[in-house]
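Written below as structure tokens is the structure these notes are about.
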There are 2 protein chains.
Amino acid sequence: MPAETTDLAQALRDAGLRVTHQRLSLLSLLMDASDHPNADELLARARAEDDSVSLATVYRTLAILEEAGLIRKLTLENEPARFESMPLAEHDHLVDIDSGEVVEIASEEINRIRKDLVEGLGYEIVSHTTLIRARKLR
Amino acid sequence: MPAETTDLAQALRDAGLRVTHQRLSLLSLLMDASDHPNADELLARARAEDDSVSLATVYRTLAILEEAGLIRKLTLENEPARFESMPLAEHDHLVDIDSGEVVEIASEEINRIRKDLVEGLGYEIVSHTTLIRARKLR
DNA sequence: CTTGTAAATGCAAATCACTCGCATTTGTCA
DNA sequence: TGACAAATGCGAGTGATTTGCATTTACAAG
Ligand SMILES: [Mn+2]
Ligand SMILES: [Mn+2]
Ligand SMILES: [Zn+2]
Ligand SMILES: [Zn+2]
């Protein structure tokens, strides 16, 4: 039995979730993905292994994995949501408006300033998303 | 003729847009709004003046005003988009996850750091949205 | 102030991403 | 090796937003 499979299965158990092929498949796909796929794309990839997976389960599973803190959902403008495995470091996303590509951006300084600002207003951050639409300079 | 009406009409003309009652109405509503209304709410407010306005026109008009840079659209998670008149100063939004209220947050420092970071990656920012989901501390 | 004409609007039907109901299958724990 | 609740596949529903088309309107000309 591969180590990775065991790890992911354990991550699901630790989250109090049952270990199903669909959950392992989607979690694994997102761990390995270098891009930020949406539900349709994940369905296609999951079906390469098991062609009986349904779109409804993809959506249900993604919601559950997000709830469990194992993955993150990116709500974009005018296009279906994309997903990524939970990153180790907090980071923002830049969408290249010409290619659609998503680039990750991290700044510990921005995170700190934002946190202080929000707390100064009497709030605690539950989650945050920064989406930058940008164009490549030439 | 009120000065405001003239101003808004001129803003539309300057953007190369025809001046219609619906556009003036929505633009005016957003200039005066202290909250961040969605399309449904704007339709209700617009109908208080002219009960023949349609939801389709509200959506078409909001898209046009946004394209013209006169208003801004906020894409939230799991709820219809909200709108605001184009703010003078760039700012982020905090959504109180308990009340649904939207709070504005401005930090010139964050804007500067982010701009430098993005330019360092060879991009220019076209627009950006930061959405913070937060809970009031007690 | 009329008129021609393209653009804007209202209405209803269509889209699209996502969700749900339900019969069937599967994971977990005796 | 069952019992049984939870998960899944499938198809039908939802809700926000968009679109086709007939009608109205803004506005440039005359
Ligand atoms: Mn797609
Ligand atoms: Mn509403
Ligand atoms: Zn990311
Ligand atoms: Zn704002």
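In what follows, chains are A, B, ... by sequence order, proteins preceding strands, each numbered from 1. For clarity, every value in this text was computed on a predicted model and none was experimentally measured. Computed over heavy atoms, backbone and side chain alike; hydrogens, waters and symmetry mates excluded.
- Residue B/H36 is tested with B/R72, B/E104, B/R82 for a side chain to side chain donor-acceptor pair (under 3.5 Å); the sole match is B/E104.
- Rounding to the nearest 0.5 Å gives a distance of 10.0 Å between CZ of A/R60 and CZ of A/R23.
- Shown here is B/E67, whose CD atom has no more than 12 heavy atoms of other residues, nucleotides or ligands within 6.0 Å.
- Salt-bridge annotation for B/R112 and B/E90: absent, with no side-chain N of the basic residue lying under 4.0 Å from a carboxylate O of the acidic one.
- Both B/A81 and B/T20 sit near DNA chain D, but only B/A81 has its closest nucleotide nearer the 5' end.
- Heavy atoms of other residues, nucleotides or ligands lying less than 6.0 angstrom from CD of B/E49 number more than 12.
- The distance between atom CG of A/N38 and atom P of C/dA17, rounded to the nearest whole Å, is 8 Å.
- Within residues 45-56 of chain B, the residues approached by DNA chain C to less than 4.0 Å at the level of any non-hydrogen atom are B/S52, B/V53, B/S54, B/A56, in residue-number order.
- At the phosphate of C/dT26, neither OP1 nor OP2 sits under 4.0 Å from any side-chain N or O atom of A/Q22.
- Between B/A81 and B/N38, the shortest heavy-atom contact is O-CB, 3.1 Å.
- Note: CD (A/E41) to C1' (C/dC16) measures 15 Å, nearest angstrom.
- Atoms CD (A/E77) and P (D/dT18) sit 12 Å apart, rounded to a whole Å.
- Picking from D/dG9, C/dT9, D/dA6 the nucleotide with the shortest atom distance to the side chain of A/R60 gives D/dG9.
- For the pair B/L42 CG and D/dT17 P, the computed distance is 11 Å after rounding to whole Å.
- In this structure, the CD atom of A/E79 is 12 Å from the C1' atom of C/dA17, given to the nearest Å.
- Ionic pairing of B/D32 and B/R45 is not present here: no N-O contact between side-chain nitrogen and carboxylate oxygen is shorter than 4.0 angstrom.
- C/dT9 atom C1' lies 15 Å from atom CG of B/L24, rounded to whole Å.
- At the phosphate of C/dT19, neither OP1 nor OP2 sits under 4.0 Å from any side-chain N or O atom of A/Y59.
- Contacts between residues 61-71 of chain B and DNA chain D, defined by a heavy-atom separation below 4.0 Å, involve no residue at all.
- Side-chain contact between A/L12 and A/L65: present, with at least one pair of heavy atoms (C-beta onward) separated by less than 4.5 Å.
- Between A/L74 atom CG and C/dC18 atom C1' there is a gap of 17 Å when expressed in whole angstrom units.
- Heavy-atom nearest nucleotides on DNA chain D were determined for B/V19 and for B/A39, and the one closer to the 5' end corresponds to B/A39.
- Taking atom CG of B/L76 as the reference point, atom C1' of D/dA16 lies 13 Å away to the nearest angstrom.
- Environment of CG in A/D98: crowded, with over 12 heavy atoms of neighbouring residues, nucleotides or ligands closer than 6.0 Å.
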